Amino acid sequence: MKSRRGPLLTLTDGGEGGSLQQRLFDRLRHAIATGVVAPGERLPSTRTLARDMGLSRNTAVAAIERLTAEGYLESRVGSGTFVVENLPPDYAPAEVRAPSPRAQGSAPAETALPSPTLPFRPGIAAGDQLDIEAWRRVLSRSWRSLSARALERDSAPGWRPLRVALASFLEASRGLRCHPDQILILPGRAAALDLAVGLAASPGERVWTEDPGCPLTQALVRRLGMTPVPVPADADGLDPAKGVALAPDARLAVVTANCQMPLGTVMSLERRQALLDWAARANAHVIEDDGDGGFTFETRPPATLMSLDRLGDRLGDRPGERLGDRTAQRSGRVLHVGGFERILYPGLRIAYLVVPEHLLERALEMRALFELHAPVVEQSALAEFIDEGHLASHLRRSRLTYQERRETLIDAARRLWAGALTLTPAAAGLQMAAKLADGLTLKTAPGISPTLAPDMALRQAARARSIDVTPLSSFHAGRGGTQGLVLGYAAFPPPLILKAAQRLAETLEAHASGTACAC
């Protein structure tokens, strides 16, 4: 990212009193809040800042350290000091937060930026980890190299260079061997899941889903005329034995085996084998939703279900070899869904679906029928991004960053929420679940309905303090479910996590009762 050059501001504009350190702190904070210094922008060095403003370097250092401690700035070793990417609006001074009246009939500014993402919103990748310059370069090359004809529409399965790059990447990173012709490129994870469910089951059939589980899965299954059957999921993942007891006639299971959503647990090898054995016996299929991209912190990313599928397709792996050049078994049971919205950045609506050979022809027909095409320029750029090693580097860098942010959240939970919220062990993902203590209730307060479940009421109270938490009970089928919160941490630097954790502790202290909250 570009750094700011030249004088940033002066200490005479505004006429505040107080010490030089306080005045510098106030002016820098105001510049950040008003966008004079943009999110992600690098500040001048403290030496340059002191020289430009006629201060001692110690004064500049003290002001920068205060802004860092309060979550406005973050220091990156070897790179400098940057404005945080995701700054909650109420971290700005009150005079900046107050909406200014707009002249009657005037249009909103076209350059207005979307509201910042608030901690602890789950499922959001860290935008500050993307090598934006590398991404810009491959995008620029794609625009220059693609012909007008290429921009009209991609090929039937998707841009072939991207499918070839993905096949190599999946084998190297996840142990998933597949032919490029088994990969379909689709416009986002929701589209990939929708197509996969439509391929693997028919209207009227029953489908195993996880409980707790992703609400999107339940909605897609119902939309396609099928009946979701919530099957309990625990620390070892979905339990196939309970699935058989609940719906022995099911012909499809949709699971987040490598990072259970929302618990962040990894399905055990025993459960994986049991699930694949059930699929073979029942002539059923399994959809493996790998949307979090295999971010694991305690072990290596586990083998995918598709790579473990003993009845999976066995396709040739010679460069340029096409489907049908070798004999392939037609009994693969697993469809693998992956994407880049939670790996690179949310706006990159490119996902992929790896299908067994016997479903491929129908998959291509459905993709064409529903015009599930992804942007060709982004597909071309992503292929180069993978081939040049940027994706592998991004994943290594992100894993280290997420590990640090995860540990920050774990430490804050132990110190600030003891007795009220307890994090559940999680080995993977971009978020963690925290269970509310038994018997915890929320005091009646303005804007909080006394009939709400405790975690729903806590969400409302937290929002008043600019904290975005997701109730754990909303991931359970039906009413009730485990009371708790789902807390995303990946998108937020440690100072912001600590500040938000303190605010959540204050929320609990103000509203919670019936628990020994050490807030």
Side-chain angles (χ1 to χ4, degrees), residues 119-124 126 210-214 230-240 242 255-272 274-275 288-305 342 398-438 440 454-455 458 469-476 481-492 494 497-498 500-501 504-505 508 515-518:
F120 295 97
R121 187 173 299 173
I124 306 295
E210 296 171 325
D211 187 24
C214 179
V231 178
D234 54 27
D236 290 320
L238 179 140
D239 188 341
K242 293 181 179 178
V255 297
T256 50
N258 299 317
C259 175
Q260 206 283 331
M261 185 63 183
L263 300 179
T265 55
V266 177
M267 181 180 278
S268 66
L269 180 59
E270 182 181 4
R271 290 270 178 92
R272 290 169 188 253
L275 184 62
E288 177 179 28
D289 180 4
D290 199 33
D292 277 352
F295 282 117
T296 57
F297 307 106
E298 296 175 3
T299 61
R300 288 178 56 85
T304 63
L305 283 170
R342 296 180 183 173
S398 297
R399 187 172 285 110
L400 291 174
T401 298
Y402 295 166
Q403 176 73 28
E404 178 190 13
R405 296 177 181 185
R406 176 175 178 266
E407 290 173 356
T408 300
L409 178 61
I410 292 172
D411 179 67
R414 185 183 65 252
R415 290 188 297 103
L416 300 173
W417 309 334
L421 280 169
T422 303
L423 290 175
T424 60
L430 309 180
Q431 57 278 317
M432 299 183 76
K435 293 184 179 180
L436 284 173
D438 293 337
L440 181 143
D455 58 358
L458 183 54
V469 295
T470 303
L472 179 58
S473 63
S474 65
F475 290 86
H476 284 270
T482 304
Q483 294 293 302
L485 302 177
V486 179
L487 305 167
Y489 58 82
F492 313 107
I497 292 174
L498 291 172
L504 184 55
L508 288 164
T515 179
C517 178

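As a basis for the values below, the full set of heavy atoms in this structure was taken, side chains included, without hydrogen atoms, waters or symmetry mates. Source: prediction; values computed, not measured.
- One distance of note links OG1 of T256 with CG of L263; it measures 8.5 Å at 0.5 Å rounding.
- Counting only heavy atoms from C-beta outward, the side chains of D234 and T265 never approach each other to under 4.5 Å.
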Side chain to side chain contact (heavy atoms under 4.5 Å, CB included) evaluation trace for L498 with L416: CA-CA 10 Å; L498 291 172; L416 300 173; 5.9 Å; no

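- For R406 (side chain) and F297 (main-chain N/O), no donor-acceptor pair under 3.5 Å exists by modelled atom type.
- Atom CD of Q431 and atom CD1 of I124 lie 9.5 Å apart (nearest 0.5 Å).
- Pairing each heavy atom of F492 with each of I497, the nearest pair is O-CD1, 3.2 Å.
- Although no hydrogens or angles enter the test, the distance criterion places no donor-acceptor pair under 3.5 Å between the side chain of E210 and the main chain of V255.
- Taking both residues in full, the closest heavy atoms of C259 and G429 are given as SG-CA, 3.2 Å, listed atom of the first, atom of the second, then distance.
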Under the side chain to side chain contact (heavy atoms under 4.5 Å, CB included) rule, what do D211 and H476 come out as? Steps first, then yes or no, please. CA-CA 5 Å; D211 187 24; H476 284 270; 3.3 Å; yes

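- At distances below 3.5 Å, not a single donor-acceptor pair connects side-chain atoms of Y489 with backbone N or O atoms of I410.
- Crowding of Q403 atom CD: a count of heavy atoms from other residues, nucleotides or ligands under 6.0 Å exceeding 12.
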Just do the side chain to side chain contact (heavy atoms under 4.5 Å, CB included) check on F120 and L485 with the steps written out, would you? CA-CA 10 Å; F120 295 97; L485 302 177; over 6 Å; no

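- When side chains are defined from C-beta on, L487 counts as touching L423, because their heavy atoms get closer than 4.5 Å.
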Before giving the answer on side chain to side chain contact (heavy atoms under 4.5 Å, CB included), spell out for L430 and F295 the whole-Å C-alpha distance, their side-chain angles and the decisive distance to 0.1 Å. CA-CA 8 Å; L430 309 180; F295 282 117; 3.8 Å; yes

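- Shortest non-hydrogen contact noted between R342 and G123 is CG-O, 3.5 Å.
- For the pair D239/R271, a side-chain contact is recorded, criterion being any heavy-atom separation below 4.5 Å from C-beta on.
- Side-chain contact between D289 and M261 is absent, with no heavy atoms from C-beta onward closer than 4.5 Å.
- The two residues G213 and P262 have their closest heavy-atom pair at N-CD, 4.2 Å.
- For the pair P212 and Q260, the tightest heavy-atom approach, listed with the atom from each and the gap, is O-NE2, 2.7 Å.
- Put simply, the side chain of N258 reaches to within 4.5 Å of the side chain of E288, judged on heavy atoms.
- The backbone N or O of P494 sits nowhere less than 3.5 Å from a side-chain atom of T408 that would complete a donor-acceptor pair.
- For the atom pair CH2 of W417 and CG of L508, the computed distance is 8.5 Å after rounding to the nearest 0.5 Å.
- Of all heavy-atom pairs spanning A490 and R405, the tightest one is O-NH1, 2.7 Å.
- Atoms CG and CG, from D455 and L421 in turn, are 10.0 Å apart once rounded to the nearest 0.5 Å.
- Interatomic distance, CG of L409 versus CZ of R414, reported as 11.0 Å (0.5 Å rounding).
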